Every structure is written in C-alpha cells, then in structure tokens.
Amino acid sequence: MAVYTDVSDEALTSFLTDYDIGDLVAFRGIAEGVENSNFQLRTTQGDFILTLYEKRVNAQELPWFLGLMQHLAGQGVSCPQPVAARSGAMLNTLAGRPAAITTFLPGVWPRKVKAAHCRPLGQALARLHAAGQSYAPVRANSLGPDAWKPLLESCRGQTDSVVAGLEAELDAAFDHILPVWPGQGGNPDLPRGQIHADLFPDNVFFLKNMLSGLIDFYFACTDILAYDIAICLNAWCFEEDGSFNVTFARQLLLGYDDVRPLSAQERAALPVLARGAAMRFLLTRLYDWINTPADALVTPKDPLDYVKRLRFHLATETLDGYGV
Ligand SMILES: Nc1ncnc2c1ncn2[C@@H]1O[C@H](COP(=O)(O)OP(=O)(O)O)[C@@H](O)[C@H]1O
Ligand SMILES: N[C@@H](CCOP(=O)(O)O)C(=O)O
C-alpha cells in the first residue's frame with residue numbers, strides 16, 4: 001500500500017477550493033507504490049492524481065521534479081502534468097505534507113513483461129532524454145555512486161540477514177564498479193542530461209499494447225543518459241528465476257536507437273553502468289528490508305533479486321557477453 005498520510009474530507013475540500021478543477025466527485029487512496037501517498041481524485045472536470053510527498057523526497061527539490069514533468073509534457077512526452085492552484089503554485093500543503101495535483105494518465109503497467117513492451121520502452125526513454133536536453137536546471141543524483149558506500153555502512157552488521165556473506169560480497173563488488181565508473185576511471189565524456197532513474201515496469205503504462213505514458217519522476221536527476229538504459233536493463237530484462245532475457249534487452253536497445261542512436265562509447269559503458277544500477281537498487285532495497293517495521297503497511301521489495309542481477313553483471317565484462 002502507499003497511503004502513509006490520511007486526508008480528512010474537510011482538509012481535502014478546503015485544499016481543493018484553491019484549485020480550478022471542478023467539484024469533487026470521488027476520492028480514494030491508491031494501494032500501489034512505495035514512496036509517496038497517492039490518491040485518485042475525480043472531479044466534475046475529470047480524473048487527477050493527488051500526491052503527498054513522504055520520506056525519501058526532499059521537499060526543496062519538489063519544484064525541480066514538477067518543473068521537469070511540466071517541461072517534458074510540453075515537449076510531447078506523455079507524463080503527468082502538474083496542475084497549478086489559482087495562485088499559480090504547483091506545490092501546496094495538505095495534512096502537513098507537501099502536496100501536488102497532477103493529471104491522470106490512462107493505462108496499465110505490465111504485470112508480466114513481454115518482448116513487445118521493450119521496444120516502445122526504449123523509444124520512450126530516448127524521447128524523454130531528448131526532451132530533457134532543453135530543461136536547464138540541474139539535480140545531482142542523490143543515489144549515485146557517492147551514496148552507495150554510506151548506504152551499505154548504514155546497514156553494516158545486518159546485511160547478512162538477507163543472505164550469508166552478502167556484506168563481504170558487496171564490499172568486494174565496489175572494487176569492480178567504482179574505479180571504472182564513468183568519470184572515476186571510466187569514460188568521463190558520456191552524454192548527460194535529465195534521466196528518469198526509476199523506470200521500472202510499474203512506472204510505464206500501456207493501453208491496447210501501445211505505451212501510453214511514464215509516471216513517478218521523483219528519483220529523476222541529471223546524470224549519464226546511458227545509466228537510465230542500464231536501470232531498464234535491470235528492471236525489465238530479467239526473468240523471475242534470475243536469468244537474463246536477451247530478446248528483451250535487444251528490443252530495448254533497438255527502441256532506444258530508433259530515436260537516439262547510442263554511441264559506441266555509451267554501449268561500451270553499459271556493463272559497468274548495469275553493475276552500478278544493480279548496486280543502487282540492491283542497496284535501497286536492503287536499507288528498506290532492514291528498516292521497515294514488521295507491522296508496516298508497505299511490503300519492502302526483495303534485495304535478493306538485485307543480488308542475483310549484480311552477480312550476473314559482475315560476471316559479464318562486455319556487451320557481447322550479454323548477447324546483444
Ligand atoms: N499520473 C498518474 N496517472 C494514473 N495513475 C497514477 C499516476 N500517478 C500515480 N498513479 C498510480 O499510483 C500508483 C503509485 O504511483 P507511484 O508514483 O509509482 O508511487 P510511489 O512514488 O509512491 O512509488 C501507480 O502505480 C498508479 O497506479
Ligand atoms: N523501483 C524501486 C523502488 C521504488 O518504487 P516506485 O514504486 O517508486 O517505483 C525498486 O524496485 O527497488
């Protein structure tokens with residue numbers, strides 16, 4: 001579930017008087033998601049999403065995220081568009097939390113990824129990257145390589161509760177990622193820009209087999225564009241048994257190339273970027289796994305899925321080794 005903050009009828013009614021979006025018809029909490037509290041809002045003017053921002057989102061950065069979504073939507077990327085209050089503010093306060101209303105995107109995320117999803121995914125990712133080039137504000141990646149060792153430190157002593165030997169395994173894995181990371185020993189000149197940084201299947205909607213939109217931009221940041229592809233390789237191209245699906249990966253890269261052809265340098269960097277992406281999601285899942293109380297309403301995601309992915313990437317030096 002992801003409704004951490006309750007919103008009373010009175011508070012909502014009062015909040016909506018600041019907006020020009022019609023009269024309230026229906027309101028319900030959305031069970032999916034893990035980071036923020038999301039509500040579906042129906043008014044006489046249509047459907048909207050109300051988000052109350054929770055623990056991992058720095059409130060000072062919210063204007064950057066909302067500005068990015070507004071910019072991307074203006075460039076033709078199908079993504080939620082922030083709705084401004086009458087005052088012009090896109091960000092307001094509700095139930096003591098920063099809150100925003102965005103447009104509702106029709107569609108359903110794929111519960112079971114198929115090859116047919118992956119080429120449109122690659123195309124949409126490349127379009128996002130192209131459209132982001134004209135969004136000038138910069139947001140450093142707060143979950144980039146500098147954050148990984150501190151995250152592991154915060155779990156030290158408890159990591160092996162996930163699987164015996166994991167702490168030592170992760171310590172050793174850093175030596176195969178950080179010294180060859182782009183700019184830290186690896187190629188410093190890879191193209192950068194605005195990336196989504198969390199484009200998992202549950203953030204990509206499809207309607208009648210067509211990709212209908214992208215949601216959840218609250219990990220977006222300014223980083224290496226190819227890192228976003230590496231995140232998608234991890235999130236979309238592994239089977240439940242942990243095996244890598246070469247067909248999905250090929251389709252993803254073909255789709256990306258349809259819109260923004262990857263350079264040879266970007267392709268060469270994908271294996272190390274994929275290791276880093278696996279490490280990043282492994283560590284936040286590990287942190288949540290250890291720190292989520294047993295009686296919490298949200299179920300933490302399994303870090304082991306990403307241990308398996310990391311092991312796969314560490315054993316695969318070049319893109320040829322992936323079969324793509
Ligand atoms: N703009 C939107 N249009 C339609 N549904 C949305 C929209 N934003 C969020 N949702 C719904 O809310 C769920 C959780 O949203 P998400 O942004 O992934 O939350 P979190 O950041 O908390 O993980 C999504 O799976 C989807 O069902
Ligand atoms: N995608 C991350 C967790 C973040 O969840 P989201 O619902 O905000 O996409 C993971 O799978 O670890």
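Residue numbers count from 1 along this sequence. Treat the numbers as computed from the prediction; the structure is a model and nothing was measured. As the structure lists them, so they are numbered: ligands from 1, and atoms in each ligand from 1.
- Ranking the protein heavy atoms by distance from atom 9 (O) of ligand 2 puts Asp198 OD2, 2.9 Å first.
- For Glu32, a nitrogen or oxygen atom sits less than 3.5 Å from a nitrogen or oxygen atom of ligand 1, counting backbone and side chain alike.
- Here is the list of ligand 2 atoms found below 4.0 Å of a heavy atom in Asn203: 9 (O).
- Residue contact check: Phe205 has heavy atoms under 4.0 Å from atoms 4 (C), 5 (N), 26 (C) of ligand 1.
- Contact atoms of ligand 1 toward Asn203: 18 (O) (distance under 4.0 Å to a heavy atom of the residue).
- Under 4.0 angstrom from ligand 1, the non-hydrogen atoms of Ile49 all belong to its side chain.
- Cation-pi geometry between Arg280 and Phe219 is met: under 6.0 angstrom from the ring centre, within 45 degrees of the axis.
- Residues Phe244 and Phe238 place their aromatic rings such that the two centres sit under 6.0 Å apart.
- For atom 22 (O) of ligand 1, the nearest protein heavy atom (residue, atom name, distance) is Asn36 N, 2.7 Å.
- Classification of Asp258 and Arg119 as a salt-bridged pair holds, one side-chain N sitting under 4.0 Å from a carboxylate O.
- Of all the atoms in ligand 1, the ones that sit under 4.0 Å from a non-hydrogen atom of Ile30 are 11 (C), 12 (O), 13 (C).
- When only non-hydrogen protein atoms are considered, atom 19 (O) of ligand 1 lies nearest to Asn38 ND2, 3.0 Å.
- Of the protein's heavy atoms, Thr103 O, 3.0 Å lies nearest to atom 1 (N) of ligand 1.
- Short contacts between ligand 2 and Phe281, defined as distances under 4.0 Å to a heavy atom of the residue, involve ligand atoms 2 (C), 10 (C), 12 (O).
- Under 4.0 angstrom from ligand 2, there are no non-hydrogen atoms of Thr284.
- Between Trp289 and Pro300 the shortest heavy-atom distance is CZ3-O, 3.7 Å.
- Residue, atom and distance of the protein heavy atom nearest to atom 23 (O) of ligand 1 are Val34 N, 3.0 Å.
- Here Leu105 has heavy atoms under 4.0 Å from ligand 1 in both its backbone and its side chain.
- Residues Tyr19 and Asn92 meet the side-chain proximity criterion, which asks for heavy atoms closer than 4.5 Å.
- Under a 4.0 Å criterion applied to the non-hydrogen atoms of Glu35, ligand 2 contributes the atoms 4 (C), 8 (O).
- Screening Tyr218, Phe65, Tyr4 against Tyr53 for a ring-ring contact (aromatic ring centres under 6.0 Å, His included) leaves a single residue, Tyr218.
- When only interatomic distances are considered, the shortest N/O to N/O separation between Pro80 and ligand 1 does not fall below 3.5 Å.
- Ligand 2 has at least one atom lying under 4.0 Å from a heavy atom of Asp216.
- Near Asp216, the atoms of ligand 1 lying under 4.0 angstrom from a non-hydrogen atom of the residue are 16 (P), 17 (O), 18 (O), 20 (P), 21 (O), 23 (O).
- Of all protein heavy atoms, the one lying nearest to atom 9 (C) of ligand 1 is Ile215 CD1, 3.8 Å.
- The environment of Asn209 atom CG is sparse: at most 12 non-hydrogen atoms of other residues, nucleotides or ligands sit within 6.0 angstrom.
- Environment of CD in Glu240: sparse, with no more than 12 heavy atoms of neighbouring residues, nucleotides or ligands closer than 6.0 Å.
- Residue contact check: Phe200 has heavy atoms under 4.0 Å from atoms 1 (N), 10 (C), 11 (O) of ligand 2.
- Residue Glu167 comes nearest to Asp160 through the heavy atom pair N-OD1, 2.8 Å, listed as atom of the first residue, atom of the second, then distance.
- Closest of all the heavy-atom pairs between Ala230 and Leu270 is N-CD2, 4.2 Å.
- Counting only heavy atoms of the protein, atom 3 (C) of ligand 2 lies nearest to Lys301 NZ, 4.1 Å.
- Under a 4.0 Å heavy-atom criterion, Tyr218 is not in contact with ligand 1.
- Using a 4.0 Å cut-off between charged nitrogen and carboxylate oxygen, Asp257 and Arg267 count as a salt-bridge pair.
- Taking the six-membered ring where tryptophan is involved, the planes of Tyr135 and His71 are tilted, since the angle between them lies from 30° to 60°.
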Starting from the C-alpha separation in whole Å, work towards a yes-or-no answer on side chain to side chain donor-acceptor pair (under 3.5 Å) for Asp241 and Ser243. CA-CA 6 Å; Asp241 65 6; Ser243 60; 2.7 Å; yes
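- Counted within 6.0 Å of CD on Glu153, heavy atoms from surrounding residues, nucleotides or ligands total more than 12; the atom is thus considered enclosed.
- The protein heavy-atom contact nearest to atom 5 (O) of ligand 2 is Val34 CG2, 3.2 Å.
- Atom 12 (O) of ligand 2 has as its closest protein heavy atom Arg285 NE, 2.8 Å.
- The shortest N or O to N or O distance between Trp109 and ligand 1 is not under 3.5 Å.
- Within the cation-pi definition used here (under 6.0 Å to the ring centroid, within 45° of the axis), Arg309 qualifies as a partner of Tyr306.
- Remark: Tyr287 OH is loosely packed, at most 12 non-hydrogen atoms of other residues, nucleotides or ligands lying under 6.0 Å away.
- Residue Asp47 places every heavy atom at 4.0 Å or more from ligand 1.
- Atoms of ligand 2 lying under 4.0 Å from any heavy atom of Asp202, numbered from 1 in the order shown and given with element: 7 (O), 9 (O).
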